[in-house]
Number of protein chains: 2
Amino acid sequence: MTVSKAAEATAKGAEAARARRDASDEAGEALQLGELSEQLGYVLKRAQLKVFENFLRCMASLQLTPAQFSVLLLVEKNPGRNQTEIASTLGILRPNFVAMLDNLESRDLCARIRSTNDRRSHILVLTDKGKAVLGRAKKLVATKHEARLNELLGGANRESLIAMLSKIANEF
Amino acid sequence: MTVSKAAEATAKGAEAARARRDASDEAGEALQLGELSEQLGYVLKRAQLKVFENFLRCMASLQLTPAQFSVLLLVEKNPGRNQTEIASTLGILRPNFVAMLDNLESRDLCARIRSTNDRRSHILVLTDKGKAVLGRAKKLVATKHEARLNELLGGANRESLIAMLSKIANEF
DNA sequence: CGATAATTGTTATTGACCATATCAAATATC
DNA sequence: GATATTTGATATGGTCAATAACAATTATCG
């Protein structure tokens with residue numbers, strides 16, 4: 001609660017000095033990021049937000065979020081799995097996965113089928129429409145989303161970036 | 001809502017085949033990630049979660065979140081700025097920044113000072129305790145957090161990773 | 001100057017996401 | 001066959017992000 005007089009004086013000095021410069025200059029100058037721009041977590045988070053934002057724009061016509069896209073991809077690759085298995089490999093908690101599936105099922109993209117082996121579980125399958133939509137989604141991701149990344153980093157860098165991020169995701 | 005008979009049959013077939021294999025094997029085998037492991041957004045998000053998790057563990061003794069750490073860093077580097085300026089450069093909306101500052105101020109890490117130039121705005125300053133805590137935080141980040149990253153990737157890769165992420169954050 | 005517009009910090013509120021506890025039905029275990 | 005475990009589901013709470021609105025202050029401009 002107590003700010004040292006020295007600190008307050010320093011702050012006022014800095015504010016006054018900036019105000020003086022701003023009087024001559026037009027717009028308030030940008031802040032110094034300093035060590036922040038070297039912080040892994042900071043730059044990682046901001047990059048992730050930008051990538052998701054771009055993903056949503058690319059997918060606007062299909063109305064698929066990154067999470068929904070990942071579910072469709074995983075179900076396509078692993079037909080015959082139940083909700084718990086799909087959810088847990090995606091890091092989604094089972095309770096939170098229910099509404100997500102309700103959404104996808106209501107849009108006729110995937111379906112729950114009561115398993116005959118274990119009548120507690122629901123087997124997940126893509127509908128025909130789900131397969132078609134996923135196919136279009138993949139094309140959009142490839143031509144709009146990943147293409148933008150290649151353009152920005154180059155193919156080789158893109159691969160090494162993915163590799164490093166995977167390593168962090170798996171071993172950090 | 002209708003699943004094609006073919007799709008359902010395929011799903012049942014896959015489930016049955018897996019059940020047969022599982023009968024001989026012990027645990028249910030892992031799912032195939034497939035194209036998911038190449039998706040930038042997917043691996044980026046998972047890496048970010050892991051990094052934040054590790055950051056919180058390293059900072060447990062100081063009780064600083066990544067967002068709080070970034071605020072302290074930015075205020076230290078830019079004394080004499082007001083809430084709007086600090087918040088907006090961090091991508092935090094002004095309304096959401098209020099509670100954050102309430103927290104930091106209640107812990108005596110930073111303080112709001114009514115500006116004499118513009119009596120609407122609050123100038124932000126680190127308290128002496130705030131400076132001390134930030135100093136300890138930086139040491140913890142360097143020795144525990146970033147060190148782990150270096151150990152995992154190597155210094156050169158670490159730098160190129162940060163550079164690529166910055167590029168994505170700024171230009172994607 | 002004075003009326004109007006814009007800015008600053010703040011509150012209230014909403015929606016998205018994440019996490020825990022709990023439940024009924026079904027299955028596994030002993 | 002009694003008990004424990006698993007599966008999908010519901011309810012609920014917490015943390016963030018986003019918008020609207022407000023009082024106090026300052027800027028703008030006739």
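Throughout, a chain's letter reflects where its sequence line sits, starting with A, and its residues are numbered from 1.
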Checking the side chain of B:Ser37 only, and the main-chain atoms of B:Leu33 only, is there a donor and an acceptor separated by less than 3.5 Å? no

Would you say the side-chain atoms of A:Arg158 pair up with the backbone N or O of A:Asn150, donor to acceptor, closer than 3.5 Å? no

Could you check, using the six-membered ring where one of them is a Trp, whether A:Phe55 and A:Phe69 have ring centers closer than 6.0 angstrom? yes

With sequence neighbours left out, the residues meeting ring pair (Phe, Tyr, Trp, His ring centres under 6.0 Å) with A:Phe172 are B:His145

Can you give one letter per nucleotide of nucleotides 20-30 of chain C, going 5' to 3': B for a protein heavy atom under 4.0 Å from the base, S for sugar-phosphate only, - for none? BB---BBS---

C:dG9, OP1 or OP2 - any side-chain N/O from B:Thr84 closer than 4.0 Å? yes

4.5 Å side-chain heavy-atom contact, A:Val43 and A:Leu36: no

Rounded to the nearest Å, what distance is computed from the CD1 atom of residue B:Ile123 to the P atom of nucleotide C:dT8? 11 Å

Between CD of A:Gln83 and C1' of D:dT10 the distance, given in whole Å, is 13 Å

Write down the distance between CG (B:Leu56) and P (C:dC18), rounded to a whole number of angstrom. 15 Å

In this structure, how many angstroms lie between the P atom of C:dC17 and the CZ atom of B:Phe52, rounded? 17 Å

For the backbone of A:Leu90 and the side chain of B:Arg46, can you confirm whether one donor and one acceptor N or O come within less than 3.5 Å of each other? yes

B:Phe97 CZ to D:dT15 P, in whole Å, measures 18 Å

Could you tell me how far apart B:Ile92 (CD1) and D:dT19 (P) are, to the nearest whole angstrom? 16 Å

For A:Asp102 and D:dA11, what is the distance between atoms CG and P respectively, to the nearest whole Å? 12 Å

Where the side chain of B:Asn82 meets the backbone of B:Ile123, is there a donor-acceptor pair that is under 3.5 Å apart? no

Atom-to-atom span, CG of B:Leu90 to P of D:dA17 - whole angstrom: 11 Å

Strictly below 4.0 Å, heavy-atom distances to any atom of DNA chain C: list the hits from residues 57-69 of chain A, or just say none. none

Could you verify whether a donor N or O on one side chain and an acceptor N or O on the other, from B:Gln83 and B:Arg94, lie under 3.5 Å apart? no

Exam field: side chain A:Lys50 to backbone B:Ala169, donor-acceptor pair closer than 3.5 Å: yes

